[in-house]
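Keep in mind the model is a prediction, meaning the values are calculated, not measured. Counting starts at 1 for both ligands and their atoms, in listed order. Count residues from 1 along the sequence.
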Amino acid sequence: MSFKITWLGHYTFSLNIDGTHVVIDPCLIGNNPVCNVPIEALPADFILQTHGHGDHISDTVDLAKTTGAQVVSNFEIANWIHKQGYENTWAMNTGGSYQFPFGRVKMTPALHSSGLPDGTYGGDPGGFIIFADSGTVYFSGDTALFSDMALIGAVGLDVAVIPTGDNFTMGPEDALLALKFLKPKVAIPSHYDTWEPIEQDMDAWAVVVRQETDVTPVVLKVGESYEF
Ligand code: NI
Ligand code: MN
């Protein structure tokens, strides 16, 4: 059993969960300044969509049409994807969970917004907890710090993938506080260094995380993976 998390830059991740390919928030070459992966190079059986913003959904429909992947999102985004001419979706909503072949997925709250690129209402933003045989991983999506992260952490997280870039989401200081609520074994920072307003020194952040928590920070370079 294994769970492999590959960072494609910004908040796009390619997962291999016991052989099933899951992509989080596809924003690829041409739309994501730090990603050099084209749609044709990315396998996908499922796409998990945290919210509707363009820096997360720019390549979702094209990747789905190319691969046939099922897109898992909130109800409003699923409806929008139907209107883009793609039917293989799975709608959920905040607090709900569903058993997929690779594991149970629970949609969590996020403190953010979720408008779609054409102005369509995108429902509430969210995150996902993936309960796989090999472990439990939380993808918070874009979010501010909120104290109910303690409830998310109560399930026992192996890995938490959180934004740290500031400006659009929580920054390094709030991300450190988030880890004190989430208490994962491992934390992977993301949503930074894509553009100038979210440039951050994550190596410095990792030093503070080691000093102040029991969490192991794993600072990936774009294209690198963490596997457990
Ligand atoms: Ni966003
Ligand atoms: Mn974003």
task = Verify side-chain contact (heavy atoms from CB on, under 4.5 Å) between I130 and R104, making sure each step is shown before the conclusion.
result = CA-CA 6 Å; I130 302 173; R104 190 162 65 91; over 6 Å; no
key: the Mn ion (ligand 2) to nearest N/O/S of H191 less than 2.8 Å   = yes
query = Strictly under 2.8 Å, is any N, O or S atom of H53 next to the Mn ion (ligand 2)?
reply = no
request  = Using 2.8 Å as a strict upper limit, say whether an N, O or S atom of H56 approaches the Ni ion (ligand 1) that closely.
outcome  = no
request  = Could you please compute the angle at the Ni ion (ligand 1) from OD2 of D142 to ND1 of H53, rounded to 10°?
outcome  =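 Centred on the Ni ion (ligand 1), the ND1/OD2 angle is 170° (to 10°).
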inquiry  = Need the atom name: nearest N/O/S atom of D142 to the Mn ion (ligand 2).
reply    = OD2
inquiry  = Could you identify the N, O or S atom of D55 positioned closest to the Mn ion (ligand 2)?
reply    = OD2
ask   = Roughly how far, to the nearest 0.5 Å, is the CZ atom of F46 from the CD atom of Q70?
value =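 Taking CD in Q70 and CZ in F46, the distance rounds to 5.5 Å.
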ask   = In Å and rounded to the nearest 0.5 Å, what is the OH to CD distance from Y192 to E199?
value = 11.5 Å
task = Starting from the C-alpha separation in whole Å, work towards a yes-or-no answer on ring-ring contact (aromatic ring centres under 6.0 Å, His included) for H191 and H56.
result = CA-CA 10 Å; H191 211 277; H56 297 251; 5.4 Å; yes
task = Would you check if the side chain of W205 reaches a backbone N or O of P172 as a donor-acceptor pair within less than 3.5 Å?
result = yes
